[in-house]
Chemist: 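Questions regarding the structure given below will be posed in turn.
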Amino acid sequence: MLIVAYDDSQILDVACPSGALDLANRHGADPPYEIDLGTVGRAPARSSAGITLGAGRSLEEVAGPLDTLLVAGGGGYERAAADTRLVTQVRRLARASRRVASVCTGAYVLAAAGLLDNRRATTHWRYGGELAARHPAVAVDTAPLYIRDGNVYTAAGVTSALDLTLSLIEDDHGPTLARAVARELVSYLHRPADQAQISMFLAAPPPGDRLVRDLAGHIAAHLAEDLSPAALAARAGVSTRHLTRLFAAHLGTTPARAVRATRTEAAAHLARSSELPLTAIARRCGFGSAQTLRQAFLDTYGVSGDTMRRMPDMPRPRAGSRRQTPGA
């Protein structure tokens with residue numbers, strides 16, 4: 001893999017792919033991955049974190065063929081996408097690559113090179129509207145974590161680079177190696193491509209209400225614990241009535257429904273990305289039984305647990321599902 005960087009690159013966009021591929025090599029990837037960092041003129045690239053990345057290759061001198069060309073994102077994407085030398089080299093190297101990828105705002109460089117025309121692509125949710133406006137030939141979709149369209153892959157940003165790289169490892173060497181790398185990285189799970197960048201239920205409320213934001217984070221991190229309205233109110237130091245008013249104002253739902261929705265969504269992703277039995281998933285996500293979880297799947301997605309596991313894409317919540325009476 002040749003990773004393309006530039007000044008003000010996001011260091012995680014470089015570290016996640018390179019670190020995961022390095023671990024794949026340590027776990028026996030055959031053939032092993034060759035990992036290199038390239039810049040225009042082999043100039044050092046100062047990351048947005050202030051750490052300077054030393055390039056091993058000059059883009060102008062790379063002849064190919066390449067297995068994977070990946071363009072990092074970062075705050076310097078505007079200058080990078082306007083840099084004729086960089087865009088020209090990316091366009092040239094893409095023709096010599098088996099697959100091409102970008103992370104976060106690296107999609108702007110691919111788009112400037114014409115590599116995303118008439119393709120579906122993603123980028124960080126914050127920058128999707130701008131990308132679509134600048135490049136109307138690109139079908140921008142900021143919902144998924146990453147998208148594959150032909151041999152071109154685009155990832156949402158930052159840690160989704162890890163999800164994308166694990167997917168590439170699985171394509172190249174199978175799921176066993178990909179899982180071994182994920183375990184080595186202490187990754188909770190390998191998130192599927194279609195998982196939303198921002199969950200409707202896990203997204204932070206407006207920053208003006210710290211209490212609701214903190215409780216939403218607590219719910220997501222402690223699914224198996226007592227998350228009753230009384231317990232949440234006690235944790236926040238408010239009455240249950242005031243808690244209900246806050247959730248209605250900032251999340252548009254009740255505390256119990258928000259908890260059930262968060263548990264159901266987490267269980268759905270576990271069901272689709274792991275081999276855990278429904279009983280274990282139900283226990284881990286705070287449901288009383290596998291049957292209660294199955295009912296939550298039916299109420300929210302209109303499918304059974306077994307169907308959920310067989311579906312190629314993550315189902316969308318049914319219209320009105322947020323208004324269902326909580327059952328867990």
Chemist: Walk me through it: do Arg284 and Leu223 pass the test side chain to side chain contact (heavy atoms under 4.5 Å, CB included)?
Modeler: CA-CA 7 Å; Arg284 181 176 293 189; Leu223 294 173; over 6 Å; no
Chemist: Closer than 3.5 angstrom, by distance alone: can the side chain of Ser160 be matched with the main-chain N or O of Asp163 as a donor-acceptor pair?
Modeler: no
Chemist: Kindly determine whether Glu130 and Tyr108 satisfy side chain to side chain contact (heavy atoms under 4.5 Å, CB included), including the steps that lead there.
Modeler: CA-CA 10 Å; Glu130 180 186 357; Tyr108 280 76; 3.2 Å; yes
Chemist: Given salt bridge (Lys or Arg N to Asp or Glu O under 4.0 Å), test Arg260 with Asp299 step by step and report yes or no.
Modeler: CA-CA 11 Å; Arg260 187 175 193 252; Asp299 290 345; 3.0 Å; yes
Chemist: Any side-chain heavy-atom pair from Leu162 and Leu12 closer than 4.5 angstrom?
Modeler: no
Chemist: Which pair of non-hydrogen atoms, one from Gly54 and one from Leu37, has the smallest distance, and what is that distance?
Modeler: O-CD2, 3.7 Å
Chemist: Shortest non-hydrogen contact from Arg92 to Leu59?
Modeler: NH2-O, 2.8 Å
Chemist: Identify the heavy atoms of Cys104 and Asp13 that sit nearest to each other, and give their distance.
Modeler: CB-OD2, 3.7 Å
Chemist: As a test of understanding, state which of Thr68, Leu2, Asp22 forms a side-chain contact (heavy atoms from CB on, under 4.5 Å) with Ile35.
Modeler: Asp22
Chemist: Can you get from Leu93 to Leu110 by hopping between Ile, Leu, Val, Met, Phe, Trp and Tyr side chains that sit under 4.5 Å apart?
Modeler: yes
Chemist: With the threshold set at 4.0 Å, does a side-chain nitrogen-carboxylate oxygen contact exist between Asp8 and Arg46?
Modeler: no
Chemist: How close do Ile3 and Ser18 get, counting heavy atoms only, and between which atoms?
Modeler: CD1-CB, 4.0 Å
Chemist: Within the supplied structure, the quantity of interest is the number of heavy atoms (other residues, nucleotides, ligands) at a distance under 6.0 Å from Arg26 CZ; does it exceed 12?
Modeler: no
Chemist: May I ask you to check whether His173 and Tyr33 place their ring centers less than 6.0 Å from one another?
Modeler: yes
Chemist: In sequence, state the C-alpha distance, the side-chain angles, and the governing distance for Gln291 and Ser289, and then conclude on side chain to side chain donor-acceptor pair (under 3.5 Å).
Modeler: CA-CA 5 Å; Gln291 182 55 41; Ser289 67; over 6 Å; no
Chemist: Is it the case that one hydrophobic cluster holds both Leu86 and Val152, taking links as side-chain heavy atoms less than 4.5 Å apart, direct or via other members?
Modeler: yes
Chemist: If I take atom CZ from residue Arg309 and atom OG1 from residue Thr307, how far apart are they, to the nearest 0.5 angstrom?
Modeler: 12.0 Å
Chemist: Report the distance from atom CG of Leu115 to atom NE2 of His135, rounding to the nearest 0.5 Å.
Modeler: 11.0 Å
Chemist: For Tyr77 and Tyr6, I'd like to know if the aromatic rings sit close, meaning centre-to-centre distance below 6.0 Å.
Modeler: no
Chemist: Hey, is the main chain of Asp141 close enough, under 3.5 Å, to the side chain of Thr122 for a donor-acceptor pair?
Modeler: yes
Chemist: What distance separates Leu278 CG from Met308 CE, expressed to the nearest 0.5 Å?
Modeler: 9.5 Å
Chemist: Report yes or no: does Tyr153 contribute a side-chain atom to a donor-acceptor pair with the main-chain N or O of Ile147 at less than 3.5 Å?
Modeler: no
Chemist: For the atom pair OG1 (Thr105) and CG (Leu131), what is the distance rounded to the nearest 0.5 Å?
Modeler: 10.0 Å
Chemist: Determine yes or no for a side-chain-to-main-chain donor-acceptor pair under 3.5 angstrom, with Arg99 supplying the side chain and Asn151 the backbone.
Modeler: no
Chemist: Between Tyr146 and Leu116, is there a shared hydrophobic cluster once you connect ILVMFWY residues whose side-chain heavy atoms come closer than 4.5 Å?
Modeler: no
Chemist: So Thr123 and Thr154, do their side chains get closer than 4.5 Å, heavy atoms only?
Modeler: no
Chemist: Using modelled atom types only, decide if a donor and an acceptor are shared between the side chain of Ser9 and the backbone of Ile11 within a distance under 3.5 Å.
Modeler: no
Chemist: Short question: side chain of His222, backbone of His218 - any donor-acceptor pair under 3.5 Å?
Modeler: yes
Chemist: Measuring from atom CD of Gln10 to atom OG of Ser47, what distance do you get when rounded to the nearest 0.5 angstrom?
Modeler: 7.5 Å
Chemist: Output yes when Arg57 and Glu61 qualify as a salt bridge under the 4.0 Å nitrogen-oxygen rule, no when they do not.
Modeler: no
Chemist: Going hydrophobic residue to hydrophobic residue with side-chain gaps under 4.5 angstrom, can you get from Ile51 over to Val103?
Modeler: yes
Chemist: Could you give me the CA-CA distance, side-chain angles and deciding distance for Glu265 and Thr262, then say whether side chain to side chain contact (heavy atoms under 4.5 Å, CB included) is met?
Modeler: CA-CA 5 Å; Glu265 184 178 12; Thr262 305; 5.8 Å; no
Chemist: Apply side chain to side chain contact (heavy atoms under 4.5 Å, CB included) to residues Met1 and Glu34 and explain how you reach the verdict.
Modeler: CA-CA 6 Å; Met1 175 182 282; Glu34 295 182 7; over 6 Å; no
Chemist: Where do Arg42 and Gly56 come nearest, in terms of heavy atoms and distance?
Modeler: NE-O, 3.6 Å
Chemist: Is the backbone of Gly150 close enough, under 3.5 Å, to the side chain of Arg148 for a donor and an acceptor to pair up by distance?
Modeler: yes
Chemist: Taking Thr165 for its side chain and Ala161 for its backbone only, find out whether a donor-acceptor pair lies under 3.5 Å.
Modeler: yes
Chemist: If we ignore hydrogens and angles and just use 3.5 Å, is the side chain of Thr39 paired with the main-chain N or O of Ala43 as donor and acceptor?
Modeler: yes
Chemist: Minimum heavy-atom separation for Val14 to Ala72, with atom names?
Modeler: CG2-CB, 4.0 Å
Chemist: State plainly whether one hydrophobic cluster holds both Leu53 and Val90, where clusters connect Ile, Leu, Val, Met, Phe, Trp and Tyr through side-chain heavy atoms under 4.5 angstrom apart.
Modeler: no
Chemist: When you check the gap from the basic side-chain N to the acidic O, do Arg98 and Asp172 get nearer than 4.0 Å?
Modeler: yes
Chemist: Counting distance only, does the side-chain N/O of Asp7 pair as donor-acceptor with the main-chain N or O of Ala45 below 3.5 Å?
Modeler: no
Chemist: Side chains of Val238 and Leu211, heavy atoms from C-beta outward: is any pair under 4.5 Å?
Modeler: yes
Chemist: Measure up the Phe297 and Tyr301 rings against each other and bin them: parallel (under 30°), tilted (30 to 60°), perpendicular (over 60°).
Modeler: tilted
Chemist: Any non-hydrogen side-chain atom of Thr244 less than 4.5 Å from a side-chain atom of Arg241?
Modeler: no
Chemist: Does Leu215 reach the side chain of Arg235, with side-chain heavy atoms less than 4.5 Å apart?
Modeler: yes
Chemist: Just how far is it from atom CZ of Phe247 to atom CG of Leu232, taken to the nearest 0.5 Å?
Modeler: 6.0 Å
Chemist: Apply side chain to side chain donor-acceptor pair (under 3.5 Å) to Ser304 and Asp306, showing your working.
Modeler: CA-CA 5 Å; Ser304 67; Asp306 292 337; 5.3 Å; no
